[in-house]
There are 2 protein chains.
Amino acid sequence: MADVNPVLLDEQLCFSIYSASKKFNHFYQSALAPFGLTYPQYIAMLVLWEKAPLTVHQLGDRLELDSGTLTPLLKRLEKQGWVSRVRSQTDERQVLIHLTEMATTKRDEVYSRIGQCQNLLGMSGDEIDSMMSELVTVKEQLDNVSHRRLITKEVDKVN
Amino acid sequence: MADVNPVLLDEQLCFSIYSASKKFNHFYQSALAPFGLTYPQYIAMLVLWEKAPLTVHQLGDRLELDSGTLTPLLKRLEKQGWVSRVRSQTDERQVLIHLTEMATTKRDEVYSRIGQCQNLLGMSGDEIDSMMSELVTVKEQLDNVSHRRLITKEVDKVN
DNA sequence: GGCAATTTAATTGTATACAATACTCTGGAA
DNA sequence: TTCCAGAGTATTGTATACAATTAAATTGCC
């Protein structure tokens, strides 16, 4: 136990990101209150507005969520009238998520609302771009480490 | 509906942060597998290792979590032997969270493990500092907007 | 053509998050 | 002293997340 340094919460990038993520979550939940959408429901709708219909799997690829999360989320979106879930005719394993007429109609209202609320944040495009590119780097590192399974293998090997 | 611009998932800072937060979560969950700690349990332990005992409220202030989340989380930490939950003698409304002997003993092991795993990420201190200071700015903006309740008031006023 | 391996969703079980509510305790005002 | 507003924690209900398993459909390979 020679190389031990204290780990302080306030110095942890992970906590900054975790905390920011929760704040964004609340921000959009409030912003979208008129539409009754949660943040995860909202990002699902964003993807569908870009390109519907999509299978659960395709949607999950974009959102980095699996069917364990998406199935109940999509059932709630269906109950609230945003999407319909239809078994594919050509491959009955798949479920296609279609937009309803209501979702198509309300798309621009949501886009507009989001645009207005984001303006309140007063962040320039450059600030946002710079931050996002740094986040890409971090995420790539995290993916690399997980993918190479370094965490459980290489660290243990050292000990 | 004049000012409508499409909202694309890949251009959303919120999604970059949301996604990074989930990846960090997995990273630490793997890193801490030998100790059986989840990420939220780990950050709770970090705070307690800095300064225990703390009341549920004090811990919640640091972690930005309320008793609805912390009470069950702390019960699980207690069941696994990391903390003890003790009603304060001087104010019976409060519950003090103490470290167990096991937690004190294992602290440096966890610190060391975290240090090693973080090294695998290959991020310089400067990179981390720069990112964290940008995140502070974003979080302040989000706090301001929520606090001033701009989302539901000022935007609606415009319409 | 038949069947094992794979793919796709759904389900189950555990652990966060958080709003809203309930409950108990404390300190102060009448 | 009694009463009550407020503080601190727990509980309830809803909605994510995700690992692991299940079940059904499809594909590949012989």
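Letters A, B, ... are given to chains in the order of the sequence lines, protein chains preceding strands, and every chain is numbered from 1.
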Assign A:S21 to base, sugar-phosphate, or nothing according to its heavy-atom contacts below 4.0 angstrom with the strands shown.
-> nothing
For D:dA10, does either OP1 or OP2 sit under 4.0 Å from a side-chain N or O belonging to B:R85?
-> yes
Ignoring hydrogens and angles, tell me if any N or O in the side chain of [X] forms a donor-acceptor pair with the backbone of [Y] under 3.5 Å.
X     : Y      : answer
A:W49 : A:A103 : yes
B:Q58 : B:T55  : yes
A:E78 : A:R85  : yes
A:R87 : A:V95  : no
B:T71 : B:S67  : yes

Please list all pairs passing the salt bridge (Lys or Arg N to Asp or Glu O under 4.0 Å) test where one or both residues lie in [range], with sequence neighbours left out.
range                       : answer
residues 41-59 of chain A   : A:E50-A:R62
residues 128-141 of chain B : none
residues 11-21 of chain B   : none

Less than 6.0 Å separating the ring centroids of B:F24 and A:F15?
-> no
Among residues 39-61 of chain B, which contact DNA chain D at a heavy-atom distance under 4.0 Å?
-> B:T55, B:V56, B:H57
When you measure from every atom of DNA chain D, which of residues 62-79 of chain A have a heavy atom less than 4.0 Å away?
-> A:E64, A:L65, A:D66, A:G68, A:T69, A:L73, A:R76
For the residue pair B:Q41 and B:Y28, confirm or rule out a side-chain donor-acceptor distance under 3.5 Å.
-> no
Integer-rounded Å distance: D:dG8 P and B:R93 CZ | 6 Å
Taking for each residue the nucleotide of DNA chain C bearing the nearest heavy atom, is the 5' side occupied by A:Q94 or by A:K22?
-> A:Q94
5' to 3' on DNA chain C, which nucleotides open and close the contacts with chain A (atom under 4.0 Å from a heavy atom)?
-> C:dT7 to C:dC18
